[in-house]
2 protein chains.
Amino acid sequence: MPKQTASRKSRAGSSARMRDVANRAGVSTMTVSRALNEPSKVSEAVRERVLKVVKEIGYLPNHLASSLSSNRSTTIGLILPSIDNSIFTQTVKGLSDVIRQSGFQLMIAECGYDPNEEEELITAFLGHRVSGLVLHSTEHTPQAIAKIRKSGVPVVENGNIPAEPLDMVVSYSNRNAAYAMTSHLARLGYKNIAYASLYSVHNDRSRDRLDGYMQALEEFGLEPDQRLTIETNRGLNAGAEAVARIVQNAPEVDALFCAGDVLAVGALFECQKRGWAVPERIALASFDDVDLLRHVSPSVTTIRLPRHEIGERTAQMLLSRIIDGAEHLRGSIVDLKYEVIQREST
Amino acid sequence: MPKQTASRKSRAGSSARMRDVANRAGVSTMTVSRALNEPSKVSEAVRERVLKVVKEIGYLPNHLASSLSSNRSTTIGLILPSIDNSIFTQTVKGLSDVIRQSGFQLMIAECGYDPNEEEELITAFLGHRVSGLVLHSTEHTPQAIAKIRKSGVPVVENGNIPAEPLDMVVSYSNRNAAYAMTSHLARLGYKNIAYASLYSVHNDRSRDRLDGYMQALEEFGLEPDQRLTIETNRGLNAGAEAVARIVQNAPEVDALFCAGDVLAVGALFECQKRGWAVPERIALASFDDVDLLRHVSPSVTTIRLPRHEIGERTAQMLLSRIIDGAEHLRGSIVDLKYEVIQREST
DNA sequence: GAATGAAATGATACCGGTAACAACTGGAGT
DNA sequence: ACTCCAGTTGTTACCGGTATCATTTCATTC
């Protein structure tokens, strides 16, 4: 007869419970729980005994049970418009580093630039009882807003500084950054500054950038020109087509500000193919300092955005709210600095 | 006196429980549970009444409780070497699309190319009782392997076809792909084919690619040459330095196969800067077909890998195992096809 | 009209932990 | 010797659902 003391079969896939550890260490489950989570509240002898057993039987605490019981979870939800975009990776890294250091886990999902998808994901995350949410988008459905409000979960918005924030914001101002770059171009003496961006439907970041561009034009006494502003799709191709179209429709153009790194690269390649000298024939400026822009020839003037810092600060603020209950942070807005990087393309 | 029937205060942040729905609909919680999860097992009248209440009070099922109680979770863990790498985004998208369609959630974490980090993350994920794991790396610590085995969670490895798989594998063969490209170059008539890759420590993908390169050389009667193979860091700079070093040390080189898209782009830019004609002075080939390689001039010959398909197939297999208990899939290996794309750079 | 059984619903225990409080211990203070 | 208190440990209820089995209802069959 086997000396099986266990009260439950050791079927594959079942892991030991806290009770198993407790039995084997001759203590109660509470003591095991304390030994693992508040070691100072347990005598050294017992703590060692418990930890030894934990190792022996390979006990893995069940986060689900612990979260449910303590009404406190250790996951944070992140919703991105698209995972397939290099500009988010820095932010994700900043977030993920800080979050993991505190023993939290990141759940990432993508909503494909669609507020309805976003709402669905927010619902799913709230169902998973995430203890915090990070949203890149700053435009949400009314239902999504209601659900978040109702849940009481702290939120950070990341992609822009919205007029009516949900809660906390960590971002730079798209408007100001675009204004800065346009001014920079104007100061360099360019007179016919074109502007290419992604479609601004459901995208206040795009709209704000356009606003900044327009304001700079006005302040420098430059005439806005329909033919010089263009909205387009994502992708290298889109950038290529944009520059081609603008040069054809408005040959007097002397600079193109692409509000997106991929567009700028696409535009540059197109210029190279067509033999248009950059910046002599047409100057190029970009938004967002990806590695590539520094390495192409000519290197491209752009705006360095604090992507990584956004992630870090976001995580810090969220964790302060979650762990320390730092209610004074509710609604706070962190407006981070950007920087115009002048390079060969202008 | 308020007509408060509820047995619990409605403090901020608390969401309604199933019991609240049940009370208000005049049924038991089991009936609510059925109305939501197995609608066919509930009469239409009751179902409608329950769903109405659910909407009214904005009830959100608690996934933690449900997972705990049913011993079945709806999250899948994904561990990537780095989020900051465009080659993963396609796979993530493929995964995420299929997984979300089944109501599952993806938890993503990055391990920074370090098996110990990976082990830590695997532990964390198992603690969250993920119902499946996706690992890009195919090299794991013995402890990590033991924990996974013990947990019984189905796993898919993604980055290579390892000699000793943990469980399921969905990938292409790095060895064969590198062999194919090297052969392609040899057939085009190149005689002094150099090879640049990332460091192969803790990276069997790198090692396998080198193997494939070597085998092709041998089969085409080309002499391997120490000066023609180089291992380096990640990044555009690394690619630039690699091509510079190789051309300096071995001027007779006539082709460079970069086992990584970023390296290839870096190398190309360096050639452009130095005025080395591609492919006349030196031909360039890459690994992995990112958008960029098609748009640079000259466009770069490369290998198209089924990144998106890997994600989809991975998700499908994992879900089959989880939902349908498809045990026949255990240990199965899906070897997907790659494709050599001949472009201007060779 | 009684037996039969499928459909609908409920009662209860339990998933694996933690909160809150109770109980026990032994040394310090007086 | 007695009180008191801090340090340990245990007991019990509960977190919010689901599995399981029991019960009720009602149409069908003979």
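Naming: A, B, ... by sequence-line order, numbering from 1 per chain.
Distance A:N62 CG to C:dG17 P: 5 Å, rounded to the nearest Å. Remark: P of D:dT12 and CZ of A:R19 are 12 Å apart, rounded to the nearest angstrom. Per the geometry, NZ belonging to B:K41 stands 15 Å off C1' belonging to C:dG10, to the nearest Å. Rounding to whole angstrom units, CG of residue A:D20 and P of C:dG16 are separated by 9 Å. Rounded to whole angstrom, the span from the CG atom of B:L64 across to the P atom of D:dT18 amounts to 12 Å. B:E38 has its CD atom 9 Å from the P atom of D:dT18, to the nearest Å. In this structure, B:N23 atom CG and D:dG16 atom P are separated by 13 Å, rounded to whole Å. In this structure, B:M18 places its CE atom 14 Å from C1' of D:dC15, rounding to the nearest Å.
Across the interface with DNA chain D, nearest-nucleotide mapping of B:R34 and B:A65 shows B:A65 to be the residue nearer the 5′ end. For B:V27 and A:M30, each mapped to the nucleotide of DNA chain C holding its nearest heavy atom, the one lying further toward the 5' end belongs to B:V27.
Not one side-chain nitrogen or oxygen of B:R129 sits closer than 4.0 Å to the OP1 or OP2 atom of C:dC15. Distances shorter than 4.0 Å separate some side-chain N or O of B:S43 from OP1 or OP2 on C:dT9. Side-chain nitrogen and oxygen atoms of A:N37 include at least one within less than 4.0 Å of the OP1 or OP2 phosphate oxygen of C:dT18. An OP1 or OP2 oxygen of D:dG10 is reached within less than 4.0 angstrom by a side-chain nitrogen or oxygen of A:T31. An OP1 or OP2 oxygen of D:dG16 is reached within less than 4.0 angstrom by no side-chain nitrogen or oxygen of B:S69. Remark: B:S70 is not in phosphate contact with D:dG17, judged by side-chain N or O atoms under 4.0 Å from OP1 or OP2.
Taking only side-chain atoms of A:R17, from C-beta outward, the nucleotide of C:dG17, D:dG16, C:dG10 with the closest atom is C:dG17. Of the candidate nucleotides D:dG16, C:dG10, D:dT18, D:dT18 has the atom nearest to the side chain of B:T29. With C:dT9, C:dT18, D:dT18 as the choices, the nucleotide that has an atom nearest any side-chain atom of B:S33 turns out to be D:dT18.
Between B:K52 and B:E48, no side-chain nitrogen of the basic residue sits less than 4.0 Å from a carboxylate oxygen of the acidic one, so the salt-bridge criterion is not met.
No hydrogens or angles considered: a donor-acceptor pair under 3.5 Å links the side chains of B:T314 and B:N158. In summary, the side chains of A:S15 and B:K150 do not present any donor paired with an acceptor at a separation below 3.5 Å, with no hydrogens or angles considered.
Here the options are B:E120, B:E119, B:K147, the test is side chain to side chain donor-acceptor pair (under 3.5 Å), and the partner is B:T141; only B:E119 passes.
Contact annotation for A:R72: backbone-only contact, meaning every heavy-atom pair under 4.0 Å involves sugar-phosphate atoms and none involves a base. Here A:S73 lies out of heavy-atom contact (under 4.0 Å) with every strand.
Ring-plane geometry between A:H128 and B:H63 is classed as tilted, the angle between the planes lying from 30 to 60 degrees on a 0 to 90 degree scale.
At most 12 non-hydrogen atoms from other residues, nucleotides or ligands lie less than 6.0 angstrom from CD of B:Q101.
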